[in-house]
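Following: one structure in structure tokens, then a few remarks.
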Protein chains: 2
Amino acid sequence: MMKEITIYDIADKLKISAATVSRGLKDHPLVNHKTKKLIVDAAEEMGYRSNYMASNLRNQKSNVIGVIVPRLNSSFMSDVIAGIEKVVNDANYNLFISQSLETMKKEASNAKAMLNNRVEGLLVSLAYDTADIAHFEPFIKRKIPLVFFDRVFEHAACPQIYIDNYKAAREVTTHLIDQGCKRIVHITANLLRSVYSERFNGYKKALEEHQLEFDDSLLIVNDLSSQAGVAAAGQILKMPVLPDGVFVANDLCAISCMQTLKKHGINIPQDIAFAGFNNDPTACVVEPNLTTINYKGYEMGEAAAKLMVAHLNNYDVKQMHSVVLRSELIIRESSLRNKSS
Amino acid sequence: MMKEITIYDIADKLKISAATVSRGLKDHPLVNHKTKKLIVDAAEEMGYRSNYMASNLRNQKSNVIGVIVPRLNSSFMSDVIAGIEKVVNDANYNLFISQSLETMKKEASNAKAMLNNRVEGLLVSLAYDTADIAHFEPFIKRKIPLVFFDRVFEHAACPQIYIDNYKAAREVTTHLIDQGCKRIVHITANLLRSVYSERFNGYKKALEEHQLEFDDSLLIVNDLSSQAGVAAAGQILKMPVLPDGVFVANDLCAISCMQTLKKHGINIPQDIAFAGFNNDPTACVVEPNLTTINYKGYEMGEAAAKLMVAHLNNYDVKQMHSVVLRSELIIRESSLRNKSS
DNA sequence: GGAAATTTTACAATCGATTGTAAAATCGCT
DNA sequence: AGCGATTTTACAATCGATTGTAAAATTTCC
């Protein structure tokens, strides 16, 4: 192992004190220009690299921002992470990333690890089954900024970044109704998560606004996976009266469900109109192209990270606003019946 | 800011030395069982959390593994990252993740940041234009394990994780030839990257094996983006003689190219057979389903991370084997002409 | 009961950078 | 030259955990 150069080595070489070297390296005004140059040159020549572990200890800050997400490998989430990385990197922080794999247990253990690693802030999108945020209390107690995005949780101390899921879902459902749908199945996940309950509420609201009764036999709750989509298709096919529309809370599940129905001879959108949520890359590749809600993960990641960095730069700013990002309905063939409209 | 509890606080409270507290907390044999219990209980009660910055400084290790990838938000790469995260997390390391955004410059600056942050190992998939790995020399010099995956670089000191791109490409091309293709376009990216040059070589080899002349007017080099696929389709349409097969070095570009051609009235696979690379989720959604090479990012991430962890646990093991992962040709409708075969 | 053996605990230095404060060096000016 | 004002540098403590070694406490056994 190569011996690392420290400021003491530089100090010795220049017959100067380590304090001066430390100040010189960071352009402190208390050091002479000429000395500064000598120091910087010597550091360069000797191959010095600052030891962040020492400086972090001394400064009592880790320069790290933590991220906990359910899974890293979804189209949406990887966009979010990319956005976060960009902002965090530009702000000279480092990123600790971990995934909860959709369980509250892992989420809690990850949170603990983040806490012990002294992250200066934590960005979180909650797991499916997270019922409370007790495991994040240590952060709140210590006033370590905690920002929720997408799968958020209401808490006075925690800013949130999300889209208006209620409005979006209402919009989608209204669109399906406009296309003549009267029996609309809604496939979603754990209603504990506000993203899903909001979408569900938006769906119900749209029905209500059009004098359609909500029928809970048309509500399918699963994990929105690809397999769940196939199963849901099976469930739909077994319904005594077939629905004429399906609104799924994500594209992945929507597509596998739609394709399964298609294989069983159902015409999309004539027999059943389809709409998803997220605008995954697959949505505009599948045939028919999937109507969906577009909301860009990259921007959400950027927004969350920017909010975090802002807080870290001036924590006193107690105006921790929540941010609602734009989302839009993208109408494609999977739901377009009256081509004229 | 809440005052953090240190081992000294615990020591004071128990009227014991800090050294004993330190040893007690980590179950060191030199501490009495009863004392140990007292210490652990007091720590729990006082809300103690170990300060990794102090311990890292003292132990001269950061417990962090770095990752530099071109982009985080691709289907393949997010799978890789997920696999890496899983392994690294289980091994009680933390992950620093950064993206080079396909430029060598950013890659170098990220590498420098990783170095200063004292990562204990670095996992890298190279940017498009990285011509040499001088910016990683400081790692090699310091014997900090450096592992390349997917977009690898040959260097005696650096293990690599990859698939046999040559073989896979040869297989794909042979398959296209078997389907009756005689003029096969190959769309790929910067041949500086071995993943692409190997695929190109495999493609040429297959041609040669079937007495087909390589025609460099059939080689299209771009950045394999979705837009590039559209442009490539334009290029193909303008060819004096249309090709009867296209082998693209990734699915994203393959699909946009195929769809564009389809819109222009080309029949897939009758007029032109298509094959991609990667088996993106979109590949089995697009119509016709895309023939491609399947190789799982998640497993590659796992393999790379496991290799890294193994090295960190016993660096002397100089048998830094490179790992070649399995890949397989998945034949789908986009290339299937003789349904019988 | 007391010396030897063994267990348990405390001391003190260390990791490397940082910073308030004191001391030293330099400068300006009469 | 000499004195105050100012610039420049050095000292020493600090951040919190770790660990070799010495010292203290306890146990064992004759």
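Chain letters run A, B, ... following the sequence lines, proteins first and then strands; every chain starts at 1. Since the structure is predicted, the reported quantities are computational estimates derived from the model, not experimental observations.
- Taking the charged nitrogens against the carboxylate oxygens, A/Glu4 and A/Arg49 do have a contact shorter than 4.0 Å, which makes a salt bridge.
- Contact check for A/Pro70 versus A/Met77: side-chain heavy atoms found under the 4.5 Å cut-off.
- Axis angle between the ends of the helix from C/dG1-D/dC30 to C/dT30-D/dA1, five pairs each and rounded to 10 degrees, works out to 50°.
- Rounded to whole Å, the distance from CD1 on A/Ile16 to C1' on C/dA24 is 14 Å.
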Using atom types as modelled, flag every donor-acceptor pair under 3.5 Å from a side chain in residues 132-140 of chain B to any protein atom, sequence neighbours excluded.
unit_1	atom_1	unit_2	atom_2	d
B/Asp132	OD2	B/Ala134	N	2.9
B/His135	NE2	B/Glu107	OE2	2.8

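- Atom CG of B/Asn59 and atom C1' of D/dG20 are 15 Å apart (whole Å).
- We find that CG of A/Asp27 is positioned 16 Å from C1' of C/dT18, with the value rounded to whole Å.
- Atoms NZ (A/Lys61) and P (D/dT14) sit 23 Å apart, rounded to a whole Å.
- You'll find the side chain of B/Val324 reaches within 4.5 Å of the side chain of B/Tyr162, heavy atoms only.
- Partners of B/Asn117 according to the side chain to side chain donor-acceptor pair (under 3.5 Å) rule, which considers only residues two or more places apart in sequence or in another chain, are A/Asn94.
- Relative to the six-membered ring of A/Tyr128, A/Arg151 meets both conditions, a distance below 6.0 Å and an angle of at most 45° to the axis.
- The shortest distance between the side-chain N/O atoms of B/Ser22 and the OP1/OP2 oxygens of D/dT18 is below 4.0 Å.
- Taking atom CG of B/Asn63 as the reference point, atom C1' of D/dA17 lies 14 Å away to the nearest angstrom.
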Working for side chain to side chain contact (heavy atoms under 4.5 Å, CB included), residues B/Val323 and B/Phe149: CA-CA 9 Å; B/Val323 178; B/Phe149 61 91; over 6 Å; no
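- One can place NE2 of A/His28 at 14 Å from C1' of D/dA10, the figure rounded to the nearest angstrom.
- At a threshold of 4.0 angstrom between heavy atoms, the contacts of B/Lys15 are confined to the sugar-phosphate backbone, with no base atom among them.
- In this model, the phosphate group of C/dG16 is approached by a side-chain N or O of B/Gln60 to a distance below 4.0 Å at OP1 or OP2.
- Contacts between residues 33-58 of chain A and DNA chain D, counted as heavy-atom distances below 4.0 Å, involve A/Thr35, A/Leu57, A/Arg58.
- Distance A/Ile10 CD1 to C/dA17 P: 8 Å, rounded to the nearest Å.
- Contact of the A/Glu154 side chain with the A/Gln160 side chain is registered, since non-hydrogen atoms from C-beta on lie closer than 4.5 Å.
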Would you tabulate the pairs of protein nitrogen or oxygen atoms and nucleotide nitrogen or oxygen atoms of nucleotides 21-23 of chain C closer than 3.5 angstrom?
none

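- Where A/Ser17 and B/Ala18 meet DNA chain D, the nucleotide closest to each residue was compared, and A/Ser17 sits on the side nearer the 5' end.
- If B/Arg118 and B/Thr20 are placed on DNA chain C by their nearest nucleotide, the residue sitting closer to the 5' end is B/Thr20.
- Side-chain atoms of B/Tyr295 and B/Asp150 include a donor-acceptor pair closer than 3.5 Å.
- Put simply, the side chain of A/Glu120 gets close to the backbone of A/Asn63: a donor and an acceptor are under 3.5 Å apart.
- Rounding to whole angstrom units, CG of residue B/Asn117 and P of C/dG16 are separated by 16 Å.
- With hydrogens and angles ignored, the 3.5 Å screen pairs a side-chain donor or acceptor of A/Asn190 with a backbone N or O of A/Leu192.
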Please report, to 0.1 Å, the donor-acceptor pairs under 3.5 Å made by any side chain of residues 16-28 of chain B, with sequence neighbours excluded.
unit_1	atom_1	unit_2	atom_2	d
B/Ser17	OG	B/Ala19	N	3.2
B/Ser17	OG	B/Thr20	N	3.3
B/Ser17	OG	B/Thr20	OG1	3.3
B/His28	ND1	B/Leu30	N	3.1

